[in-house]
Amino acid sequence: MSNPTTANIWPTFRYRDASAAIAFLEAAFGFEVAAKYENSDDPQRIDHAELRWPGGGGIMLGSARDEGVMTKTSVASGSVYIAADDVEELYHRAIAAGAVEVMGLTEQDYGSLDFCVQDPEGVLWCLGTYRGAGVE
C-alpha cells in the first residue's frame, strides 16, 4: 500500500449536500475523512473536506456555493477512476450504500476487472484493477 501523503493528484468536487456525500463515500468505498471544515456561519456547509483513499491519495470536496474558484465547475459532475485490488468487494459495498450501477463488474479486454457507479448526486465512480500502462 502506498503512503497516502505522497499522492500528487487530488480530484475536487462540489456537492449540494457535502455531508451526505462524505457519508456515502465512506460507506460505499471506504474513504477516510482526514479533514473537514464546517462554515462558522452555516454548520450545514462544508467549506473544505479531504478524504483519503486507503491505497494512497484522495479527493477534496466541499459544499456548492457562490464564491471561489470551484464556481467554474458544475455541481456534482465529473468522474474518477480508482485502482483497487478488492474490486468485487467494493462493487457490492457501493451498491449496498445506494450507488446507482452504470456498468456492473466487467472483465475488460486489457485484463482489468472494472465497475462504474454514480453517487447520489451523479458523480461517476469507476473502480478497477488496471493501474496504468507499465505499472506493476
Side-chain angles (χ1 to χ4, degrees):
M1 184 182 299
S2 62
N3 183 339
T5 61
T6 62
N8 294 316
I9 297 174
W10 292 82
T12 58
F13 299 96
R14 296 182 318 139
Y15 282 95
R16 288 174 199 86
D17 187 343
S19 293
I22 291 168
F24 171 82
L25 293 168
E26 288 177 300
F29 304 122
F31 276 98
E32 300 164 354
V33 176
K36 184 169 87 170
Y37 302 99
E38 296 169 347
N39 184 278
S40 59
D41 295 328
D42 180 3
Q44 298 300 318
R45 185 172 115 180
I46 305 297
D47 285 337
H48 173 79
E50 180 180 313
L51 280 63
R52 299 267 171 91
W53 177 247
I59 64 169
M60 291 185 266
L61 64 90
S63 298
R65 51 190 184 271
D66 293 331
E67 79 276 347
V69 69
M70 289 300 289
T71 61
K72 304 299 181 199
T73 65
S74 299
V75 175
S77 67
S79 65
V80 176
Y81 177 86
I82 299 174
D85 293 325
D86 51 350
V87 171
E88 192 168 339
E89 177 185 328
L90 287 166
Y91 167 78
H92 294 294
R93 180 177 177 163
I95 296 300
V100 175
E101 181 180 281
V102 175
M103 179 184 76
L105 288 164
T106 303
E107 192 69 44
Q108 302 294 345
D109 293 342
Y110 46 89
S112 183
L113 178 62
D114 293 349
F115 73 90
C116 295
V117 296
Q118 283 185 301
D119 69 24
E121 290 200 32
V123 174
L124 183 65
W125 296 87
C126 297
L127 286 84
T129 57
Y130 181 71
R131 289 182 160 24
V135 177
E136 299 293 318

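Positions are given from 1, in the same order as the sequence printed here. Source: prediction; values computed, not measured.
Residue Tyr130 comes nearest to Ala83 through the heavy atom pair O-CB, 3.5 Å, listed as atom of the first residue, atom of the second, then distance. In terms of heavy-atom proximity, Met60 sits nearest to Trp10 at CE-CB, 3.5 Å. Taking both residues in full, the closest heavy atoms of Tyr81 and Ser112 are given as OH-OG, 3.7 Å, listed atom of the first, atom of the second, then distance. In terms of heavy atoms, Glu26 sits closest to Val33 at OE2-CG2, 3.4 Å. The two atoms that bring Ser19 and Gln44 nearest to each other are OG-O, 4.4 Å, heavy atoms only. The shortest non-hydrogen separation linking Ala18 to Ser63 is CB-OG, 3.5 Å.
The 12-atom threshold is exceeded at CD of Gln108, counting heavy atoms of other residues, nucleotides or ligands nearer than 6.0 Å.
Following chains of ILVMFWY side-chain contacts shorter than 4.5 Å, one cannot reach Leu124 starting from Leu127, and the two form parts of different hydrophobic clusters. Hydrophobic clustering (side-chain heavy atoms under 4.5 Å, transitive across Ile, Leu, Val, Met, Phe, Trp, Tyr) groups Val80 together with Val87.
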Leu25 vs Ile59, side chain to side chain contact (heavy atoms under 4.5 Å, CB included): CA-CA, chis, key distance, verdict: CA-CA 10 Å; Leu25 293 168; Ile59 64 169; 3.7 Å; yes
Check the pair Asp85 / Arg131 against side chain to side chain contact (heavy atoms under 4.5 Å, CB included), numbers first and verdict last. CA-CA 10 Å; Asp85 293 325; Arg131 289 182 160 24; 3.0 Å; yes
Working note: Ile82 + Phe31, criterion side chain to side chain contact (heavy atoms under 4.5 Å, CB included); need CA distance, chi angles, decisive distance, verdict. CA-CA 11 Å; Ile82 299 174; Phe31 276 98; 3.8 Å; yes
Would you sort out whether Ile46 and Glu38 count as a side chain to side chain contact (heavy atoms under 4.5 Å, CB included), showing the intermediate values? CA-CA 4 Å; Ile46 305 297; Glu38 296 169 347; 3.7 Å; yes
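Distance CG/Leu113 to OG1/Thr106: 7.5 Å, rounded to 0.5 Å. Rounded to the nearest 0.5 Å, atoms CG (Asp114) and OG1 (Thr129) are 6.5 Å apart.
Between Trp125 and Phe29, the ring planes are tilted. Angles from 30° to 60° get that label. In this structure, Tyr15 and Phe13 have tilted ring planes: the angle between them lies in the 30° to 60° band.
Looking at residues two or more places apart in sequence or on another chain, you find a ring pair (Phe, Tyr, Trp, His ring centres under 6.0 Å) between Tyr91 and Phe115.
Judged purely by atom type and a 3.5 angstrom limit, Glu121 uses its side chain to pair as donor or acceptor with the backbone of Arg16.
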